[in-house]
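Please read all numbers here as calculations on a predicted model, not as lab measurements. Numbers here are sequence positions counted from 1. Just follow the structure's listing: the first ligand is 1, and inside any ligand the first atom is 1.
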Amino acid sequence: MTDFSPCVSGSECLLRMYEEHHEIEDYQKGVPRWCTGCGDNAILTAVQRLCRDENLVPEKTLFVSGIGCSSRLPHYMNTYGFHGIHGRAFPIAEGAKLARPDLNVFVSTGDGDCCSIGAGHWIHAVRYNMDMTVMMHDNNIYGLTKKQASPTSPIGLRTSTTPRGSYLEALNPLTVTLGITNVSFVAQAVDWIPEVLYQIVSAAFHHKGFSFIRILQRCPEWLPGQMDPWMHDPQRVLLLHHGDGIQISASLARTYTKMDEHDPADLVRAREVAACVDPVPVGILYKNHEVPCYEDLRYDSRVLRTARLVQEGLEAEFDKFTVWPDEMAPA
Ligand SMILES: Cc1ncc(C[n+]2csc(CCOP(=O)(O)OP(=O)(O)O)c2C)c(N)n1
Ligand code: SF4
Ligand SMILES: [Mg+2]
């Protein structure tokens with residue numbers, strides 16, 4: 001909240017308000033290049049709203065991504081951003097968080113980026129449990145590279161790499177994440193229910209630890225109609241609600257009548273719910289505040305890795321390998 005008490009003049013108050021209070025436009029940048037109807041637009045809107053509602057300082061906020069349509073998200077945030085390399089969003093985000101634990105770190109990754117090339121990093125990132133909000137945009141396909149099968153493509157899906165239909169059962173990112181040591185937050189959202197998507201992104205942001213959200217995301221360009229069965233039939237969506245999870249508004253309850261009270265502290269039940277694909281469970285599956293964050297184990301998080309500290313550390317390391325002329329050698 002803005003503190004006006006020490007202001008010496010009205011103009012200073014106004015200046016302070018201008019500096020400290022942010023509108024949604026303050027987080028918006030450029031015009032998204034995603035296709036019309038792409039679910040990535042809804043995800044972008046949800047995080048921009050969250051930044052506005054939490055009044056996040058843009059200079060203390062970082063969006064990291066890998067490669068893919070979904071990974072373009074940092075370009076549209078007026079914060080710091082790192083459009084990384086394919087499958088490597090997690091190690092980049094982890095490095096940033098370790099060096100600068102004061103930053104709000106968000107990650108956007110695709111189903112290919114996270115579950116194919118980045119799968120090794122995904123497993124270890126869950127185990128390291130560093131404090132960041134992860135949005136896995138799952139459109140069941142490689143969108144950017146024009147319709148190759150991804151690990152989450154359903155069996156039988158015809159793609160450019162599986163013209164006769166994919167042969168394997170889809171990987172379930174929720175059950176995988178829930179099986180990894182130190183898992184601390186897992187949720188599922190869908191791009192077409194913005195009210196719940198927003199609540200989940202907000203809960204993930206407030207959870208201290210690695211908050212993994214799988215978001216079912218429409219790709220009308222390569223898989224038109226892929227999510228229609230769930231989007232057009234509210235009976236095929238199971239809303240998970242709880243005092244420590246998401247709240248269902250009266251208007252939402254009128255449309256989505258299939259609901260379950262699910263306690264996010266119950267890991268065994270979370271794994272059962274996560275295995276269900278129809279109806280698709282939407283809500284917070286698991287939350288555990290007790291898992292330590294790697295950055296807290298490694299460092300006193302109050303010590304910021306400032307440019308000066310980093311430079312001193314690097315110089316000390318280089319000095320170990322310096323061959324000094326005799327007269328200059330340190331005593
Ligand atoms: C090392 C490497 N391998 C392959 C690629 C090509 N490539 C770019 S994006 C992509 C898949 C993207 O799919 P996904 O992560 O699901 O993102 P989407 O485009 O669907 O949002 C691939 C294979 C690459 N850029 N780098
Ligand atoms: S190709 Fe698919 S995922 Fe990529 S921008 Fe278009 S609709 Fe979105
Ligand atoms: Mg994809």
Inset, instruction - Start with the C-alpha gap between Tyr128 and Phe90, add the side-chain angles, then the distance that decides, and say whether ring-ring contact (aromatic ring centres under 6.0 Å, His included) holds. - result: CA-CA 11 Å; Tyr128 276 58; Phe90 294 131; over 10 Å; no

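More than 12 heavy atoms of other residues, nucleotides or ligands shown are found within 6.0 angstrom of CD on Glu25. The environment of Glu290 atom CD is sparse: at most 12 non-hydrogen atoms of other residues, nucleotides or ligands sit within 6.0 angstrom.
Remark: the backbone N or O of Leu73 is not paired with any side-chain donor or acceptor of Asp40 at under 3.5 angstrom.
When hydrogens are left out, the protein atom nearest atom 3 (S) of ligand 2 is Asn139 ND2, 3.4 Å; that is the closest non-hydrogen contact.
Using a cut-off of 4.0 Å between Lys/Arg side-chain N and Asp/Glu carboxylate O, Arg269 and Asp263 are scored as not salt-bridged.
Trp192 is linked by a side-chain hydrogen bond (donor to acceptor under 3.5 Å, both in side chains) to nothing, counting only residues two or more places apart in sequence or in another chain.
The aromatic rings of Phe185 and His207 sit tilted relative to each other, their planes meeting at an angle between 30° and 60°. Using the six-membered ring where Trp is involved, His75 and His83 have ring planes that are perpendicular, over 60° apart on the 30 and 60° scheme.
Residue-ligand proximity: Gln217 is placed with a non-hydrogen atom under 4.0 Å from ligand 2.
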Distances only, to 0.1 Å: what are the N or O pairs between ligand 1 and the protein that fall under 3.5 Å?
unit_1: ligand 1; atom_1: 15 (O); unit_2: Gly112; atom_2: N; d: 3.2
unit_1: ligand 1; atom_1: 15 (O); unit_2: Asp113; atom_2: N; d: 2.7
unit_1: ligand 1; atom_1: 16 (O); unit_2: Asp111; atom_2: N; d: 3.4
unit_1: ligand 1; atom_1: 16 (O); unit_2: Asp111; atom_2: OD1; d: 2.8
unit_1: ligand 1; atom_1: 16 (O); unit_2: Gly112; atom_2: N; d: 2.9
unit_1: ligand 1; atom_1: 16 (O); unit_2: Ile141; atom_2: O; d: 3.1
unit_1: ligand 1; atom_1: 19 (O); unit_2: Cys69; atom_2: N; d: 2.8
unit_1: ligand 1; atom_1: 19 (O); unit_2: Gly143; atom_2: N; d: 3.3
unit_1: ligand 1; atom_1: 19 (O); unit_2: Leu144; atom_2: N; d: 2.9
unit_1: ligand 1; atom_1: 20 (O); unit_2: Asn139; atom_2: OD1; d: 3.3
unit_1: ligand 1; atom_1: 20 (O); unit_2: Asn139; atom_2: ND2; d: 3.0
unit_1: ligand 1; atom_1: 20 (O); unit_2: Ile141; atom_2: O; d: 3.0
unit_1: ligand 1; atom_1: 20 (O); unit_2: Gly143; atom_2: N; d: 2.9
unit_1: ligand 1; atom_1: 21 (O); unit_2: Cys69; atom_2: N; d: 3.3
unit_1: ligand 1; atom_1: 21 (O); unit_2: Ser70; atom_2: N; d: 3.0
unit_1: ligand 1; atom_1: 21 (O); unit_2: Ser70; atom_2: OG; d: 2.7

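Each salt bridge (Lys or Arg N to Asp or Glu O under 4.0 Å) pair with one or both residues in residues 104-124, not counting sequence neighbours, would appear here, but there are none.
Considering all non-hydrogen atoms of both residues, Tyr76 and Val31 come closest at CE2-O, 3.8 Å.
The tally of protein N/O/S atoms under 2.8 Å from atom 6 (Fe) of ligand 2 stands at 1.
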